[in-house]
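Residue numbers run from 1 in the order of the sequence given.
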Amino acid sequence: RTQGIDVLRCLQNGQKGNGSKLGPVGMQTAQACLRNDVRGRVLAKATKLAERDAAKCTAPDTPGFAYTGAAAMTAPATDTVLLLEERLFGADLDASLASNASGDAGRDAKGARCQREIWTRSSKLFDELWRTTLTAKRNALRGRNRVTGGAADVPATGAGELAGEILAVLANDATGKIQRRMGALADRAQIVCGDPQISTPLVDLFPGACSAATPGPLASCSAAAARCSFCRSLAAFDDLPLACDGFDDGTENGSCP
């Protein structure tokens, strides 16, 4: 979540041309900003993760499954969020940014808002998938409110069983929160990115793998990209056997290798 917030700040400051807020001298680009951790908050979270790992996960009580350790989790925590960013904005964030700089003759404030809206809604979906997953994991490991595996009071005992339980809970979406996030992404894409006052074509605002000429396909691809990044982060964190290519958009089509 912290990395996702950093991406939004890089977008905002890059659009406004606030170089000093993008990083140190020599690294003041939006693309560099993605890993500059300007406020140090990503590092602070990584440090906290390591501290919690050292305090809570020690031999001989280290879990026998669904556990990789802080050192193995830190890179995927950042990389999977930046995978989502690249799916939307391409390999060079600076090249895709709509200007929102005051006084810029080429300013496209509506286009800049569209970029921020799609990122915000996609990252909120990513976060919601994780929130639901954490509850599902807690219940599965405690043997409470299970939706798979027979008896409701039997804890999950292996990686495959835990993965199946999590996927079932996500598909069930009992609270409807995941579907609401997906709906909000679709709705806001139509409203904000369908604004006729946007002067930059959508394919230029989002030149990554989700490039689309109209808001509908852009929103659908953004949702699938968020689901792909989430699935890959979960698989990396917990070493779970997850078929992410099917999870992202319901089809085995190579969209989430």
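Across every non-hydrogen atom of Leu88 and Ser222, the tightest pair is CD2-OG, 3.3 Å. Pro215 approaches Leu202 most closely through the heavy-atom pair N-CD1, 3.7 Å. The two residues Ala225 and Cys210 make their nearest non-hydrogen contact at CB-SG, 4.2 Å. What you find for Ala163 and Leu240 is that their closest heavy atoms are CB-CB, 4.2 Å. Minimum interatomic distance between Arg87 and Cys228 (heavy atoms only, all atoms of both residues): NH1-SG, 3.8 Å. Glu252 and Ala243 make their closest contact through OE2-CB, 4.2 Å (heavy atoms, listed as atom of the first residue, atom of the second, distance).
A donor-acceptor pair is defined here as one N or O able to donate and one able to accept, closer than 3.5 Å; no such pair exists between the side chain of Glu86 and the backbone of Ala91. At distances below 3.5 Å, not a single donor-acceptor pair connects side-chain atoms of Gln31 with backbone N or O atoms of Asp94.
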Show the numbers, then the answer: is there a side-chain hydrogen bond (donor to acceptor under 3.5 Å, both in side chains) between Glu161 and Thr157? CA-CA 7 Å; Glu161 185 181 352; Thr157 57; 3.3 Å; yes
Any chance you could lay out the side chain to side chain contact (heavy atoms under 4.5 Å, CB included) test for Tyr67 and Asp238, step after step, and finish with the verdict? CA-CA 5 Å; Tyr67 169 74; Asp238 290 355; over 6 Å; no
Going through the distances and angles, do Glu128 and Lys124 end up as a salt bridge (Lys or Arg N to Asp or Glu O under 4.0 Å)? CA-CA 6 Å; Glu128 191 60 58; Lys124 283 182 180 294; over 6 Å; no
Candidate pair Arg9 and Val38, rule side chain to side chain contact (heavy atoms under 4.5 Å, CB included), full reasoning: CA-CA 10 Å; Arg9 290 197 180 103; Val38 176; over 6 Å; no
Report the C-alpha distance between Trp119 and Phe206 in whole Å, list the side-chain angles of each, state the deciding distance to 0.1 Å, and finish with yes or no for ring pair (Phe, Tyr, Trp, His ring centres under 6.0 Å). CA-CA 10 Å; Trp119 175 257; Phe206 301 94; over 10 Å; no
Quick one, Val81 with Ser229, criterion side chain to side chain contact (heavy atoms under 4.5 Å, CB included). Give me CA distance, side-chain angles, the key distance, then yes/no. CA-CA 7 Å; Val81 175; Ser229 289; over 6 Å; no
Take Thr120 and Arg188 through the side chain to side chain contact (heavy atoms under 4.5 Å, CB included) test and state the conclusion after the steps. CA-CA 10 Å; Thr120 297; Arg188 295 300 293 172; over 6 Å; no
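Annotation: salt bridge (Lys or Arg N to Asp or Glu O under 4.0 Å) contacts of Arg138 (sequence neighbours excluded): none. Evaluation of the side-chain contact (heavy atoms from CB on, under 4.5 Å) rule for Ala70 yields Leu49, Ala50, Asp53 as partners, not counting sequence neighbours.
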Please table the atom pairs, donor to acceptor, closer than 3.5 Å between any side-chain atom in residues 190-201 and protein atoms at least two apart or in another chain.
| residue | atom | partner | partner atom | Å |
| --- | --- | --- | --- | --- |
| Asp195 | OD1 | Gln197 | N | 2.8 |
| Ser199 | OG | Asp108 | OD2 | 3.3 |
| Thr200 | OG1 | Asp108 | OD2 | 2.7 |

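Proximity of Arg35 to Asp79: side-chain heavy atoms (C-beta onward) are separated by under 4.5 Å at one or more points. Between Ile118 and Leu185 the shortest side-chain heavy-atom distance falls below 4.5 Å. Under the 4.5 Å side-chain criterion, counting only non-hydrogen atoms from C-beta, Leu22 is not in contact with Met27. At least one side-chain heavy atom of Asn36 sits under 4.5 Å from a side-chain heavy atom of Pro24. Side-chain atoms of Thr29 and Asp92, non-hydrogen and from C-beta on, never get closer than 4.5 Å to each other. Contact of the Asp245 side chain with the Pro257 side chain is not registered, since no non-hydrogen atoms from C-beta on lie closer than 4.5 Å. Gln15 places a side-chain heavy atom less than 4.5 Å from the side chain of Arg116. In this structure, Asp127 and Arg131 have side chains that are in contact, with non-hydrogen atoms separated by less than 4.5 Å.
A continuous path of ILVMFWY side-chain contacts below 4.5 Å connects Leu82 to Leu129, so both sit in one hydrophobic cluster. Ile5 and Phe89 are not part of a single hydrophobic cluster, where members link through side-chain heavy atoms under 4.5 Å apart. Leu93 and Leu8 end up in the same hydrophobic cluster when Ile, Leu, Val, Met, Phe, Trp and Tyr side chains are linked at under 4.5 Å. Cluster annotation: Leu162 and Leu242 are assigned to the same hydrophobic cluster (Ile/Leu/Val/Met/Phe/Trp/Tyr, side-chain heavy-atom contacts under 4.5 Å, transitive). At a threshold of 4.5 Å between side-chain heavy atoms, the hydrophobic network of Ile, Leu, Val, Met, Phe, Trp and Tyr places Leu83 and Phe247 in two separate groups.
Taken to the nearest 0.5 Å, the CD atom of Glu85 stands 11.5 Å off from the OG atom of Ser122. Here Asn13 contributes atom CG and Lys21 contributes atom NZ; the two are 5.5 Å apart, rounded to the nearest 0.5 Å. Going from atom OG of Ser211 over to atom CG of Asp204 covers 8.0 Å, rounded to the nearest 0.5 Å. Atom CG of residue Leu205 and atom CD of residue Gln115 lie 4.5 Å apart, to the nearest 0.5 angstrom. To the nearest 0.5 Å, the span separating CG on Leu84 from CD on Gln3 amounts to 11.0 Å. With rounding to the nearest 0.5 Å, the separation of CZ in Arg121 from CE in Met182 is 14.5 Å.
Cysteine sulfur proximity is not satisfied for Cys256 and Cys244, their SG distance being 2.5 angstrom or more.
Side chains of Asp239 and Thr68: a donor-acceptor N/O pair is absent below 3.5 angstrom, by distance only. No donor-acceptor contact under 3.5 angstrom links the side chains of Asn139 and Arg146, judged on distance only. Counted by atom type alone, Asn253 and Ser255 present one or more donor-acceptor pairs between their side chains at under 3.5 Å.
For Arg180, the CZ atom is densely surrounded, since the number of other residues' heavy atoms within 6.0 Å is greater than 12.
By the 30° and 60° cut-offs, the orientation of the rings of Trp130 relative to Phe230 is perpendicular.
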